**Student:** 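What follows is a structure written as structure tokens; I'll ask about it next.
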Amino acid sequence: MTALCHELPAWQTLQTHHESQIRQLDLRQAFAQEPQRLETLSMQAPHVFADLSKNLWTADTERLLQQLAHESQLAAKRDAMLAGAAINSTEQRSVMHWLLRTPLDAGQLAASPVLQAWQPDMKTALQEVHDTLNQMLALADAVRNDRQITDIVNIGIGGSHLGPEVVVNALEDWIDTGKNFHFVSNVDGHELGHVLHRIKPERTLFLVASKSFTTAETMLNARSARQWFLDHGGSEDPSEACSIDRHFVALTTNKAAAAQFGIQRTLGFWDWVGGRFSLWSAIGLPIAIAIGPMQFRAMLDGAHAMDAHFFTAPLVQNLPVRLGLLDVWYRDFCQFSSRCIAPYSHGLRRLAAYLQQLEMESNGKSVTREGLPLSVPTAPIIWGEPGTNGQHAFFQMLHQGQDIIPVEFIALRDGGKYLGEHHQSLVVNAIAQAQALMVGRDGEGAEKFCPGNRPSSFLLLQRLDPASLGALIALYEHRIFVSGAIWNINSFDQWGVELGKKLAKQLHQRQDSQDWEGVDASTQGLMQRLAHSNF
Ligand code: F6P
């Protein structure tokens with residue numbers, strides 16, 4: 001049985017190191033005393049330059065964290081993922097979203113010794129990935145060329161929503177179809193209602209995106225969309241031009257349920273693709289329709305470049321590893337309970353929401369893979385807003401509040417296609433904020449005092465293109481794997497979410513039967529209040 005992370009020798013050493021070296025660390029002095037600091041604590045990974053030098057750590061901290069990675073058998077755990085082992089142990093599933101962006105000849109991964117030992121079924125899986133990808137891109141192309149379709153409505157939630165939405169938003173400069181994209185996720189009828197109000201059945205393609213094809217919110221939205229379609233001239237008869245067959249596509253691993261729902265056109269994927277890692281699969285169809293097959297492939301290539309870096313670069317020069325270790329350092333040794341995501345890019349306005357699911361659903365766990373209680377905290381709270389908006393909202397607290405919250409700046413070297421002269425101002429603001437957090441302000445009275453020494457990381461992309469975005473998202477996926485591996489948790493299940501789903505279903509049933517036996521007074525009171533007309 002693997003030792004609990006806090007029992008590992010390196011954990012103890014890191015605690016001592018934090019007490020003796022880092023608690024008193026002053027970033028301003030550290031820069032003055034270490035001419036190599038930027039060089040040592042920054043690196044170029046595929047498509048992403050990372051400046052980690054303004055963090056509350058030193059080269060020694062990193063060395064000790066690398067020792068922790070070694071004692072946690074990080075490399076072996078990573079290689080097990082690459083070998084297709086069932087590392088999602090509670091569901092007995094492999095974790096192979098990275099395979100979705102692996103070229104048929106294994107591309108930059110071909111040299112990996114793990115791949116040399118690949119079982120034949122992995123090669124079969126890779127072939128199936130490419131067959132489905134080709135099928136999806138052909139469908140995307142057909143939809144792009146179909147002038148009659150002006151609106152794409154994606155109905156899905158969680159991983160079947162956030163990934164496609166963040167990417168379609170981010171790559172809006174690359175959308176060249178003249179179609180409108182709508183994402184409906186919430187079961188609140190206002191979201192779907194407002195969309196339905198703006199579209200016409202004969203001009204709309206509905207994508208019902210659900211890995212399981214059982215998620216209550218998605219099923220209710222899909223049923224309502226279908227009913228609206230039929231009520232507004234659509235037909236169940238496949239021979240009709242405005243038919244469900246022509247205007248609905250399901251993206252799912254559960255083709256049988258989609259067929260039962262009445263959708264025949266289905267793109268599939270596999271149970272080894274976790275929902276929150278699924279934008280690279282058939283779930284990415286809205287992205288492929290938006291940016292086209294060539295750019296979709298470019299996004300996969302960017303992600304693959306980051307995969308190859310993660311799976312093959314030495315751990316000390318491996319960006320997902322360095323960031324994942326930094327995350328553990330901040331959460332468990334510095335006791336920072338949240339991380340702020342500050343993308344200085346309008347395109348990345350939904351990145352924080354996307355990362356909330358990716359990181360908090362993956363690593364918000366309290367037991368190890370063996371089911372033992374962990375006595376150290378795991379995933380931090382992920383939150384944020386794009387800059388410069390955040391500067392005029394919560395940055396005050398980041399500068400002068402009493403909590404220390406590491407900030408992750410994400411900026412682009414080149415601006416996009418509109419008003420390029422704004423871009424310099426945008427990026428300079430990001431750099432100035434990172435500087436201000438560190439240098440602070442003194443000597444102008446207590447109210448204006450900013451303590452400084454507040455940590456941040458700075459990720460810089462050349463531009464927001466499909467390849468860079470693919471690499472950035474893959475970087476986050478792997479980084480989360482790394483911290484999960486150090487904590488020795490299963491980053492790929494989500495039983496907490498399942499509990500909420502189960503109880504909501506039970507409450508619906510109890511409402512019908514009015515059987516409140518065994519239900520707590522508060523829940524019962526709220527449910528009964530709902531039923532009262534004189535609320
Ligand atoms: O939020 C919980 C979850 O299970 C996610 O993991 C998943 O992305 C989402 O629900 C939607 O699930 P599905 O794609 O099966 O509808």
Side-chain angles (χ1 to χ4, degrees), residues 87-97 100 132 136 153-168 183-188 191-192 206-226 248-263 266-287 350-365 378-379 381-382 473 476-477 480-481 484 489-505:
I87 61 171
N88 176 357
S89 46
T90 58
E91 296 174 306
Q92 274 308 304
R93 288 177 181 166
S94 309
V95 173
M96 303 202 298
H97 46 274
L100 300 167
T132 311
M136 175 179 96
V153 180
N154 190 82
I155 298 178
I157 197 164
S160 300
H161 158 236
L162 291 162
E165 186 197 42
V166 76
V167 174
V168 169
F183 289 91
V184 174
S185 54
N186 202 327
V187 74
D188 183 337
E191 192 174 18
L192 178 62
F206 289 97
L207 308 177
V208 183
S210 175
K211 179 179 170 183
S212 60
F213 224 82
T214 59
T215 303
E217 295 94 323
T218 301
M219 291 302 105
L220 183 52
N221 277 328
R223 278 197 299 275
S224 298
R226 184 177 188 276
F248 280 74
V249 175
L251 314 172
T252 185
T253 57
N254 189 353
K255 292 188 177 189
Q260 207 172 14
F261 181 90
I263 302 181
T266 304
L267 283 172
F269 56 111
W270 305 271
D271 68 0
W272 45 259
V273 183
R276 50 193 174 272
F277 304 90
S278 63
L279 72 91
W280 324 95
S281 71
I283 293 291
L285 180 61
I287 304 172
R350 292 288 289 155
L351 185 68
Y354 171 75
L355 294 179
Q356 277 175 342
Q357 187 202 19
L358 193 63
E359 187 151 349
M360 292 161 78
E361 194 167 275
S362 296
N363 285 348
K365 310 283 165 70
T378 55
I381 297 159
I382 300 294
I473 295 176
Y476 278 102
E477 289 176 348
I480 287 159
F481 175 89
I489 57 182
N490 181 353
S491 301
F492 303 101
D493 57 11
Q494 57 283 322
W495 295 105
V497 184
E498 303 305 328
L499 170 66
K501 291 183 188 175
K502 188 171 142 196
L503 292 191
K505 199 169 168 187

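Counting starts at 1 for both ligands and their atoms, in listed order. Source: prediction; values computed, not measured.
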**Student:** Parallel, tilted or perpendicular: which describes the rings of H97 and F277, with under 30° parallel and over 60° perpendicular?
**Tutor:** parallel
**Student:** Counting from 1, what ligand 1 atoms have a heavy atom of S160 closer than 4.0 Å?
**Tutor:** 13 (P), 14 (O)
**Student:** Could you tell me which atoms of ligand 1, counted from 1 in the order shown, lie closer than 4.0 angstrom to a heavy atom of G275?
**Tutor:**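 What qualifies from ligand 1 is 8 (O).
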**Student:** Can you see which heavy atom on N221 is nearest to which on L192, and at what distance?
**Tutor:**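 Minimum heavy-atom separation between N221 and L192: O-CD2, 3.5 Å.
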**Student:** Could you check atom 5 (C) of ligand 1 against the protein and tell me its nearest heavy-atom contact, residue, atom and distance included?
**Tutor:**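 Answer, as residue, atom name and distance: E361 OE2, 3.3 Å.
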**Student:** Are W270 and T132 packed together at the side-chain level, in the sense that at least one heavy-atom pair is separated by less than 4.5 angstrom?
**Tutor:**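 Result yes, sub-4.5 Å side-chain heavy-atom pair found.
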**Student:** Where the side chain of T253 meets the backbone of F269, is there a donor-acceptor pair that is under 3.5 Å apart?
**Tutor:** no
**Student:** Taking only heavy atoms of G159 into account, list the atoms of ligand 1 that are under 4.0 Å away from them.
**Tutor:**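 Checking each atom against G159, I get 7 (C), 8 (O).
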**Student:** Which ligand 1 atoms, with their elements, are less than 4.0 angstrom from a heavy-atom of V497?
**Tutor:** 1 (O), 2 (C)
**Student:** If we ignore hydrogens and angles and just use 3.5 Å, is the side chain of Q92 paired with the main-chain N or O of S89 as donor and acceptor?
**Tutor:** yes
**Student:** Kindly confirm or rule out an N or O of T218 lying under 3.5 angstrom from an N or O of ligand 1.
**Tutor:** no
**Student:** Would one find more than 12 heavy atoms of other residues, nucleotides or ligands at under 6.0 Å from atom CD of E498?
**Tutor:** yes
**Student:** Is the contact between K501 and ligand 1 made by the side chain, the backbone, both, or neither, using heavy atoms and a 4.0 Å cut-off?
**Tutor:** side chain
**Student:** Give the atoms of ligand 1, by number and element, whose distance to some non-hydrogen atom of I157 is under 4.0 Å.
**Tutor:** 9 (C), 11 (C)
**Student:** Would R226 pass as a cation-pi partner of F261, given that its NZ or CZ must be under 6.0 Å from the six-membered ring centre and within 45 degrees of the axis?
**Tutor:** yes
**Student:** Looking at atom 15 (O) of ligand 1, what's its closest protein heavy atom, distance included?
**Tutor:** S212 OG, 2.6 Å
**Student:** Nearest to atom 12 (O) of ligand 1, what protein heavy atom do you find, and at what distance?
**Tutor:**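 It is T215 OG1, 3.3 Å.
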**Student:** So, does H161 sit close enough to ligand 1 that a heavy atom of it is under 4.0 Å from the ligand?
**Tutor:**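 No, H161 has no heavy atoms under 4.0 Å from ligand 1.
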